[in-house]
Amino acid sequence: MEQAKPCLLEPVMKVEIEAPDDFAGTLMGDLNSRRGRVQGMETKGRTTVINAEVPMAEMLSYGTLLTSMTQGKGSYHMEVDHYDIVPQLVADKILANAKRPVEEEEE
């Protein structure tokens, strides 16, 4: 199996975020910090719609954070788009955690 050079895959979500124009910069920065790739941005009146691809692991607590970043004025929709290779640093953390003895996890 090691000769095959296996890799970890993670689900990547297609995300659409709607928020007032005032918060666009903050939202873009947050998506970049979550390993997201912004695919495009459009303006509808005073609302900005951001389309991005973000790993699902980074989106698990996004609803609460979006509410606080946009003062309750933002919303989002996401759906599974594809699977992608996990970056090596993240994969190393996952593997190290999986190799921990069971006794350490119980403490």
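Basis for what follows: all heavy atoms, side chains included, without hydrogens, waters or symmetry-related copies.
The closest side-chain heavy-atom distance from Pro87 to Arg35 is below 4.5 Å. Side-chain contact between Tyr62 and Asp30: present, with at least one pair of heavy atoms (C-beta onward) separated by less than 4.5 Å. Here the side chains of Ile50 and Glu16 are not in contact, with every heavy-atom distance at 4.5 Å or above. Residues Ile85 and Leu9 have side chains in contact (heavy-atom distance under 4.5 Å, counting atoms from C-beta outward). At a threshold of 4.5 Å between non-hydrogen side-chain atoms, the residues Met28 and Ile17 do not count as touching.
The two atoms that bring Met41 and Ala24 nearest to each other are CE-CB, 4.1 Å, heavy atoms only. A pairwise comparison of heavy atoms in Val54 and Gly36 identifies CG2-CA, 3.9 Å as the closest pair.
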Quiz item: For Asp84 and His82, what are the C-alpha separation, side-chain angles and deciding distance, and is it a side-chain contact (heavy atoms from CB on, under 4.5 Å)?
Solution: CA-CA 7 Å; Asp84 206 353; His82 65 279; 4.2 Å; yes

Exercise. May I have the step-by-step check of side-chain contact (heavy atoms from CB on, under 4.5 Å) for His77 and Val15, ending in yes or no?
Key: CA-CA 6 Å; His77 170 77; Val15 181; over 6 Å; no

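A single hydrophobic cluster is seen to contain both Phe23 and Met78, as judged by linkage of ILVMFWY side chains at heavy-atom distances under 4.5 Å, directly or through other members. No continuous path of ILVMFWY side-chain contacts below 4.5 Å connects Val86 to Tyr83, so the two sit in separate hydrophobic clusters. Criterion: ILVMFWY side-chain heavy atoms under 4.5 Å apart, direct or through other members. Under it, Met69 and Met13 are part of a common hydrophobic cluster. No continuous path of ILVMFWY side-chain contacts below 4.5 Å connects Leu8 to Leu60, so the two sit in separate hydrophobic clusters.
If you run side chain to side chain contact (heavy atoms under 4.5 Å, CB included) between Val12 and each of Met56, Met59, Glu53, only Glu53 comes through.
Once rounded to the nearest 0.5 Å, the distance linking CD of Glu58 with OG of Ser33 reads 8.0 Å. Taken from CG in Leu27 to CG in Leu66, the straight-line distance is 6.0 Å, to the nearest 0.5 Å. Ile94 CD1 to Glu10 CD: the interatomic distance, rounded to the nearest 0.5 Å, is 7.0 Å.
Ion pairing between a basic and an acidic side chain is recognised when a charged N comes within 4.0 Å of a carboxylate O; Glu18 and Lys73 show no such pairing. With respect to the salt-bridge test (charged N to carboxylate O, under 4.0 angstrom), the residues Lys44 and Asp21 do not qualify.
The backbone N or O of Pro20 lies less than 3.5 Å from no partner atom in the side chain of Arg46, so there is not a single donor-acceptor pair. The main-chain N or O of Ser61 is never found under 3.5 Å from a side-chain atom of Thr64 such that the two would form a donor-acceptor pair.
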